[in-house]
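Below, chains carry the letters A, B, ... as their sequence lines are ordered, and counting in each starts from 1.
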Amino acid sequence: MSGEKKRVHSIDPATIAKHFDAAGAEQRWDAEWEKRGTYRYDPSCSRAETFVVDTPPPTVSGSLHIGHVFSYTHTDVVARYKRMCGMNVFYPMGWDDNGLPTERRVQNYFHVRCDPRAEPEPGLSLSPATAKQRKERPRLVARNDFIGLCHDVTREDERSFEDLWRRIGLSVDWSQQYATIDSRSRHLAQLSFRDLFEKGHVYNTDSPTSWDVDFQTAVAQAEMEDRPRPGAYYRLEFGVEGSDRSFVIATTRPELLPACVGVTAHPDDERYRDLFGKSATTPLFRAPVPIFASELADPGKGTGVLMVCTFGDATDVHWWRERGLALRQLVGRDGRLASVTFGSEDFPSSDPDAANRFYAELAGKNVNQARKRIEELLRDPAGSATGSGAPLQGEPEPIEHAVKFYEKGDRPLEFVPTRQWFVRLLDKKAELLAKGEQIQWHPSFMHARYRDWTEGLNLDWCVSRQRYFGVPIPVWYPLDGAGGRNYDRPLVAEREQLPVDPTSDVPVGFNASQRDQPGGFTGETDIFDTWFTSSLTPQIGSHWALDPERHARLFPADIRPQSHEIIRTWAFYTIAKAMLHENCIPWHHVVVSGWVLDPDRKKMAKSQGNVTTPMPLIEKYTADGARYWSASARLGTDTTEDEKVFKIGKRLATKIFNAGKFVLSQTAEAGPIEAEIDRAFVAELHALVVRATRSFEEFNHAQALTDTETFFWTRFTDSFIELAKVRARSEEDPVGRASAVAALRLGLDVLLRLFAPFLPYVTEEVWSWTFADEKGEPSIHRASWPGEADFASAPAPSDAESFALGISCWNAINKSKSDAEVSMGRGVARLSLAANPATLERLAPVLGDVLAGARVATHTLEASPALEDGAFQISDAEFEERESAT
RNA sequence: AGGCACGUAGCUCAGUGGGAGAGCGCCGCCUUGACACGGCGGAGGUCGGCGGUUCAAUCCCGCCCGUGCCUACCA
C-alpha cells in the first residue's frame with residue numbers, strides 16, 4: 001500500500017443513517033446473501049480445500065428457544081472464520097423429524113395412527129382433525145402415508161426454524177438440506193443396516209430386554225435414566241424344603257414373588273451358608289426354588305439374601321442366564337401381570353389351589369396395583385411357607401431408591417423377553433475408545449464423558465423399536481411349512497433393492513402372494529431406533545454409499561457441534577457407525593456447547609416451562625446482539641440468559657457502525673503509514689490479529705471476541721481515532737494526514753474482518769460502503785481473514801510502546817479535565833507535563849498527536865526523575881473558556 | 001457413591017506462579033465536530049474454607065464445603 005495511490009472512496013456521512021437500522025440490515029443482507037450465493041458450497045473442491053460441518057439437525061417438533069441461537073451461533077462463528085480463511089465451507093441444515101416427538105405430533109394433529117398393515121393411499125393429504133373427528137376412532141394410515149403427513153406437519157416447524165436461522169445469520173448453504181425421515185436418510189439408514197449385516201455386526205435374539213410398558217417398545221441403554229423413587233423393603237419369610245428353617249428376604253418388589261425362580265446370598269455369608277444347594281419355598285405360592293451362592297449378592301443389603309425373579313433387574317437376567325433358571329415371565333408388554341396357572345410345569349407349587357387363589361387376586365393388575373394387593377395377601381397367615389404366621393414380617397420400611405426409566409417414559413422399565421435386533425458393540429470397547437482418542441474434543445474434558453460411557457457400556461445396542469413411524473428394518477423372515485418364522489435366516493434386503501418397506505415390498509426370490517403364507521415370508525414390522533439414522537448425519541451429508549465421489553470430498557467431517565448430554569447417544573453412535581462401516585472417525589473435532597440457564601440458573605427446557613423464545617430478544621437487541629451474547633460464552637460452559645450481555649452486543653454493533661462512518665468519511669487520500677503513532681497502532685493491531693487467529697485455531701472463539709472487542713474500544717475508538725483525528729483533517733501536513741487516514745482505514749478494515757464471524761450484519765453493512773468496491777469483494781464474509789498480507793507494507797514503529805505511551809499521556813490530560821469538571825472537548829490554553837526524562841524522550845515522537853487530540857495550545861515539559869516509567873503528571877492546566885473553544 | 005466441571009466486585013463473566021481485571025449496575029462530571037444507542041473519572045473484592053509446596057499462591061497439590069452435569073445404585 002505504501003507509495004502507490006489507491007482507489008479510495010470516502011462516504012458522505014450525510015448519506016448514512018444517523019442510527020444503525022439493524023432490523024433493516026438483517027432483512028436486506030439475508031436476501032442479498034441468498035441471491036449472491038455467498039455461502040454456497042462448491043462441490044468441485046477437494047476434501048483438503050473444504051471445511052465440513054456436521055450440523056446438528058434440530059428436532060423440528062421441539063419449541064424454539066434461545067438455546068438454539070446460542071449453540072448454533074457457536075458453529076456459525078467457526079464456519080465463517082474458516083470461510084474467510086479461504087476454505088470451501090460445507091454447512092448443511094438437517095431437520096430431525098424421525099422419531100417419537102413427530103409421531104405424537106402427527107397423531108394428534110390429524111388424529112391418525114400409523115399402521116404398517118394399512119392400505120397405502122398415494123397422495124394422501126389431510127386437514128387438521130376437527131373436534132368431531134377427534135371423538136371418533138383415529139384413522140389408520142400406511143407407513144409411507146404417515147411419513148407424508150409428517151412432512152406436511154413439520155414443514156411449518158422447519159419454516160420457523162429456518163426463519164430463526166436466517167434471522168441470526170447462520171451462514172448455512174440452504175441448498176444442502178435434509179430431513180432424517182426423508183428418502184435419502186431412509187435409504188442410507190437401510191444401507192447402513194445392510195452393510196453391518198454383511199460385516200457381521202448385527203444380530204437378532206429373543207431375550208429379556210428393557211421395555212417401556214406405555215410406549216410398548218424396547219429401549220436401548222443410552223435412552224435409560226435413573227430416577228429416585230420412593231419404595232419400601234418388604235420382609236418376606238421363605239421356607240426351606242425338608243427343614244424347619246426359614247429365612248427372611250427383603251424385597252422392594254413383592255409383586256414379583258410369583259415370578260421367583262431362585263434365591264441367592266453371598267458364598268461367605270455365614271447366615272445362609274448351610275442353605276446353598278437346598279430349595280426354598282416361596283410364601284403364598286409355595287414354589288420350590290433353588291438356593292445358590294453368588295458373589296454378586298451383597299451381604300450388607302437388605303437381609304443379605306434375595307430372591308431372583310424373572311425379571312426384577314439386570315442382575316436377575318444375569319443369574320437367570322448363568323444358572324439356567326426357569327422363566328416365569330409375569331409382566332407382559334402392557335405392564336400387566338399375565339394369567340398363569342400354578343401347579344403347571346412352568347409354575348410349580350406344592351399347594352396349587354392356594355397359589356392360584358392368591359394369584360387370582362393379582363392377575364391382570366398393573367405392577368403398582370399388584371404390589372398393593374400382594375402386600376395385603378402377605379399379611380394373611382394362610383400364605384405362610386412355614387406355618388408360623390403372616391409371611392410379611394413387620395411393616396414395610398420406606399426407602400428411596402433409583403429406578404430405571406425410559407428417558408421419555410413415565411413408568412419404570414420392565415424386563416420383557418422379546419426378539420430384538422442388536423448392533424454388536426460390547427466386544428469393541430477398546431476400538432471405540434481408541435477412536436475417541438483420535439478425535440479432538442473441545443473442551444478437552446468432554447472426552448471423559450465419552451470414555452466413561454464407553455467403558456461403562458454393558459449392553460449391545462438395541463436398534464429395533466416396536467413403533468410404527470420411522471425407518472423400517474429392511475428384513476423379512478422365511479416361514480416354514482407350519483407358518484413359523486425362521487429368525488436365524490433373515491432375508492435382509494439387497495443393496496440394489498433399497499430402500500424398501502418390508503410390509504409392502506417383497507424379498508428377492510419371492511412374490512407378493514407368498515406373504516404370510518406357509519413356505520413364504522413375512523415382513524419385519526419393527527423400525528429402527530431414531531439414533532440408527534441420526535448416527536449417520538455425516539454420511540447423510542456426504543451421500544456416502546449413494547455417491548462415493550461426493551463422500552470422498554466430504555468425509556470425515558471437520559466438526560461435529562453438539563451438546564454434552566447426548567455424547568452417549570449421538571456422538572457415541574456416530575463414532576460407532578463410522579468405525580463399523582469404514583473403520584474411521586466420523587469427524588476430527590467435537591465442539592461442545594454448554595447449556596443456557598434461565599436467570600435462576602436452571603437449565604432451560606421445555607419441560608421446565610422456563611424457555612425464552614428468541615425472536616423478542618433478537619428484535620430488542622438485534623441479531624448481532626444475540627450473537628454477541630452467544631459467542632461470549634466459552635465452549636462447554638453453561639451460560640445464563642442475561643439481557644445485559646445482549647445489550648452490550650447491540651451497543652458494540654452501533655459503535656462499529658459509527659466508527660465506520662467516521663473513518664470512511666475522511667476525505668483525504670490514504671498514503672504511506674509513516675507517523676510513529678500510526679505505525680505503533682498498526683503494530684498492536686497486527687499483534688491482535690495473531691492472537692485472535694490463534695484463539696480461533698484453538699476453538700476459543702470467545703477469547704478472540706474478547707480480545708478484538710477490547711482492542712476495538714480501548715485502542716481504536718477511545719484512543720487511536722481520537723489521537724489521529726486532528727491530523728487526519730490537517731491541511732498543513734498532507735503526509736501525516738495521508739498516514740493517519742491510511743492507518744484509520746487499515747484499523748477499520750482489519751477490525752471489521754475480525755468481527756465479521758461474530759457480527760455478520762453490521763460488518764457487512766459497513767464493508768459495503770466502500771471496502772466492497774475497493775477490494776473487489778462484495779461480501780466481507782468472503783473477504784480474506786486478516787493476516788500477514790495486511791501488514792506487509794506497514795513499517796515497524798521505532799518504539800513498540802509509543803502508542804501505549806501516547807494513550808497514557810492522553811489519559812492523564814483527560815483526568816485533569818475530569819478533575820476540573822470540564823468536557824473532554826475543552827481546549828487547554830496551557831499545561832505543564834511532567835514525566836521522567838526517559839519517558840519524555842520516548843513520548844516525543846507521538847507527543848504532537850497527543851497534544852492535538854487533547855487540544856492543548858501551549859505546553860511545557862518537565863523532567864521529573866522521581867516519576868515512574870510511563871507515568872505522567874499534569875499541572876498548571878489552564879482551560880479555555882467554553883465560548884472560545886473552536 | 002465415583003468422575004468431570006465450576007465457586008473471583010451487587011450482577012454476568014474473563015484471567016494469571018510475582019501488580020486483582022472487564023462490562024453492566026452505582027456515584028461524580030462532560031451536550032464534543034463518528035457516536036448521549038455517547039465520553040471522561042471514581043467507589044467497590046480477605047479470588048468458597050482449611051492445610052501444604054514455593055523466596056512468592058487467586059493460580060500448583062491435598063482435604064473440606066457449596067453448585068451443576070455425567071455415570072453407578074431396583075434384593
Cation over ring, [X] on [Y], under 6.0 Å and within 45°?
| X | Y | value |
| --- | --- | --- |
| R227(A) | F405(A) | yes |
| K661(A) | F20(A) | no |
| R651(A) | W713(A) | yes |

May I ask you to verify if any side-chain N or O of [X] is less than 4.0 angstrom from the OP1 or OP2 atom of [N]?
| X | N | result |
| --- | --- | --- |
| R229(A) | rC73(B) | no |
| T637(A) | rC6(B) | no |
| K603(A) | rC69(B) | no |
| R634(A) | rC6(B) | no |

At under 4.0 Å between heavy atoms, what does [X] touch on the DNA or RNA strands: base, sugar-phosphate, or nothing?
| X | result |
| --- | --- |
| S665(A) | nothing |
| G456(A) | nothing |
| D316(A) | nothing |
| T706(A) | nothing |
| L597(A) | nothing |
| W713(A) | sugar-phosphate |
| A314(A) | nothing |
| H401(A) | sugar-phosphate |

Worksheet item: Which residue, R568(A) or T264(A), contacts RNA chain B at a nucleotide closer to its 5' end, judged by nearest heavy atom?
Response: R568(A)
Worksheet item: More 5' along RNA chain B: S823(A) or T251(A), using each one's nearest nucleotide?
Response: S823(A)
Interatomic distance, [X] [atom1] vs [N] [atom2] [rounded to whole Å]:
| X | N | atom1 | atom2 | answer |
| --- | --- | --- | --- | --- |
| D226(A) | rU71(B) | CG | P | 9 Å |
| I567(A) | rC70(B) | CD1 | P | 10 Å |
| I66(A) | rU12(B) | CD1 | P | 18 Å |
| W595(A) | rA5(B) | CH2 | P | 16 Å |
| L664(A) | rC35(B) | CG | P | 15 Å |
| M604(A) | rC69(B) | CE | P | 15 Å |
| D819(A) | rC30(B) | CG | P | 13 Å |
| E565(A) | rC70(B) | CD | P | 7 Å |

Practice prompt. Could you measure between the two P atoms, the one in rC26(B) and the one in rA14(B), and give it in whole Å?
Written response: 24 Å
Fill in: rG39(B) and rG25(B), which share atom name P, separated by this distance in whole Å
12 Å
Worksheet item: Is the centre of the F70(A) ring less than 6.0 Å from the centre of the W629(A) ring?
Response: yes
Item to complete: Examine Y761(A) together with Y628(A) and report whether their ring centres are nearer than 6.0 Å.
Response: no
Discussion item. Taking donor-acceptor contacts at under 3.5 Å, does the side chain of E722(A) reach the base of rA34(B)?
Written reply: yes
Worksheet item: Could a donor-acceptor pair under 3.5 angstrom be found where the side chain of K655(A) meets the base of rC35(B)?
Response: yes
Worksheet, complete the sentence: The side-chain contact (heavy atoms from CB on, under 4.5 Å) partner of C260(A) among T251(A), L236(A), T282(A) is T282(A)
Practice prompt. Apply the side-chain contact (heavy atoms from CB on, under 4.5 Å) test between T454(A) and each candidate in I567(A), L433(A), I575(A); give the one that qualifies.
Written response: L433(A)
Item to complete: Determine yes or no for a side-chain-to-main-chain donor-acceptor pair under 3.5 angstrom, with E641(A) supplying the side chain and G67(A) the backbone.
Response: no
Please determine, for the side chain of [X], which listed nucleotide ([options]) has the closest atom?
| X | options | answer |
| --- | --- | --- |
| K18(A) | rA72(B), rA36(B), rG15(B) | rA36(B) |
| K301(A) | rC74(B), rG68(B), rG39(B) | rC74(B) |
| H564(A) | rA34(B), rC69(B), rC73(B) | rC69(B) |

Contact list (N/O, under 3.5 angstrom) for nucleotides 21-23 of chain B vs protein:
none

Response to the item:
Pairs under 3.5 Å (Watson-Crick or G-U), crossing ones as [ ], inter-strand ones as |: RNA chain B comes out as (((((((..((((....[..)))).(((((.......))))).....(((((..]....))))))))))))....
Worksheet item: Run the side-chain hydrogen bond (donor to acceptor under 3.5 Å, both in side chains) check on T264(A) and W319(A) step by step: do they pass?
Response: CA-CA 9 Å; T264(A) 186; W319(A) 282 314; 4.9 Å; no
Practice prompt. Output the residues of residues 443-452 of chain A in contact with RNA chain B, where contact means a heavy atom of the residue under 4.0 Å from an atom of the strand; sort by number or write none.
Written response: F445(A), R449(A), D452(A)
